[in-house]
Amino acid sequence: MNLSHRDELLVQRHLDGALSPTDAAAFAARLAAEPALREGHAAANAMRGAFAAAREGALRPRAGFKAAVLAAVRQLPTRLQLEQADIAARTVRFCRRLLLAAALLGSIGFAVGAGLLGGGAPTMQASPDEMQREIDRLEAIVRAGGQAGGVEKSAPRVR
Amino acid sequence: MFALHKPTEIPDSELIAGALQGSEAAFGSLVERYQDRVFRLLGRYCRDAVECEDLAQDVFLKVFRKLHTFQGDSAFFTWLYRIAVNAATDHLSRASHRRLKLVEDDASLDVGGDQDEQSPSAPLMTAELAAVTREIVASLPEKFRTILILREFEDLSYTEIAAVLQVQLGTVESRLFRARQRFKEALEREHPELIPGRGSAALARGGKR
């Protein structure tokens, strides 16, 4: 049985009850017509049996649990104090993040200013103007060399 | 899927409003209404009654402390589940690995002893399968474990899981798929005798809800 990933997801959605009624009807029609899909569906459905078996045996609260929670709640500060503490905590968190962001930006700015991030460092790249000047210089050298050795070059040596 | 209370019961929103105004009875009603579910969920993470009760109490205290931040844009139970899942996963990360391992080993040893002494039968197979399933689920990475617990044990819909975990629906679907794949691979690797078509009748039961 080799289902495509798309069909495997479709099987999952069907077994989880996540298909719309229209899609579920279309899937049911495919199930009736396609043995491979039917086989994959049955295998996935059987695998759910493992979870169904493990669903039993959940823990339950003891009789006095609610009373214990309420007793613990009574030890807490008042609602107003809790809300104020929450606002204070959020303000502190916000300020801490703000400071962190400022410190980070400051560090980046300092690093750029000091040339640590390559801002002021010399590079191997030349500007188009520099390149043109260099080409002109080399051509001038070639021309000068051509003129100096022009006779020698134009007259082939005969041995 | 989650008919949390009968129509004649006081709605959650009224109980929350009452609790926010200082009514202990209102908060007590919320605790009473959800304590079974919270225990069931937390029990999937700790499986020790004392540990579970401590954790459940922490969850309800946190609910009380944070109740004023509940916006009401999602169901109260998804908010409560989010707190419970976060508490459980925090607890897991804090708890010593050794202690958790001991709890799991005890559970699996009990089942193994029964199997050795008696010939296979349907109830034993189901018990073995249940223990093995819990063991494998407990061994999965936290995000796979949690999504399997919410879907397979708590019966939450994709939408509800997305609300609890605060992720997209597509993430729920793909994570659930990968979690089931991991579970299946582990079952095939460690207990191939329990795979459907290899002599297990237990798996064939109760698959689809």
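Residue numbers begin at 1 in each chain, while the letters A, B, ... track the order of the sequences. Just so you know, these numbers come straight off a predicted model, no measurement behind them.
- Using a 4.5 Å cut-off between heavy atoms, B:Y158 contacts chain A through its side chain alone, with no backbone atom that close.
- Annotation: cation-pi pair B:R182/B:F144 absent, no NZ/CZ under 6.0 Å from the ring centroid and within 45° of its normal.
- A side-chain donor-acceptor contact under 3.5 Å links B:E154 and B:Y81.
- Contacts with chain B (heavy atom to heavy atom, under 4.5 Å) involve these residues of residues 63-71 of chain A, listed by number: A:F65, A:K66, A:A68, A:V69, A:L70.
- Remark: A:L59 CG to B:C52 SG distance equals 5.0 Å, nearest 0.5 Å.
- Heavy atoms closer than 4.5 Å to chain A are found in both the backbone and the side chain of B:L67.
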>> Run the salt bridge (charged side-chain N to carboxylate O under 4.0 Å, His left out) test on A:R48 and A:D16 for me, step by step, so that the C-alpha distance in whole Å, both residues' side-chain angles and the decisive distance to 0.1 Å come before the verdict.
In response: CA-CA 10 Å; A:R48 310 279 170 118; A:D16 285 336; 2.7 Å; yes
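- Of all the listed residues (B:V137, B:T159, B:V31), the one sharing the greatest number of non-hydrogen pairs under 4.5 Å with chain A is B:V31.
- Of the two parts of A:R74, only the side chain, counted from C-beta on, holds a non-hydrogen atom closer than 4.5 Å to a non-hydrogen atom of chain B.
- Annotation: side chain of B:R151 is not in contact with side chain of B:E160 (no heavy-atom distance under 4.5 Å).
- For the residue pair B:Y45 and B:T89, no side-chain donor N or O sits within less than 3.5 Å of a side-chain acceptor on the partner.
- Ring geometry for B:F70 against B:F76 counts as perpendicular: the plane angle is over 60°, on a 0 to 90° scale with 30° as the lower cut.
- When A:R13, A:E8, A:H5 are compared by the number of non-hydrogen pairs under 4.5 Å with chain B, A:R13 comes out ahead.
- B:L148 touches chain A through its side chain: at least one heavy atom from C-beta onward sits under 4.5 Å away, while N, CA, C and O do not.
- Aromatic ring pairs are classed by plane angle as parallel below 30°, tilted from 30° to 60° and perpendicular above 60°; the pair B:F64 and B:F27 is perpendicular.
- Contacts classified as side chain to side chain donor-acceptor pair (under 3.5 Å) and involving residues 20-34 of chain A (residues at least two apart or in different chains) are given here: A:D7-A:R30, A:S20-A:D23, A:R30-A:E34.
- Neither the backbone nor the side chain of B:I149 has a heavy atom closer than 4.5 Å to any heavy atom of chain A.
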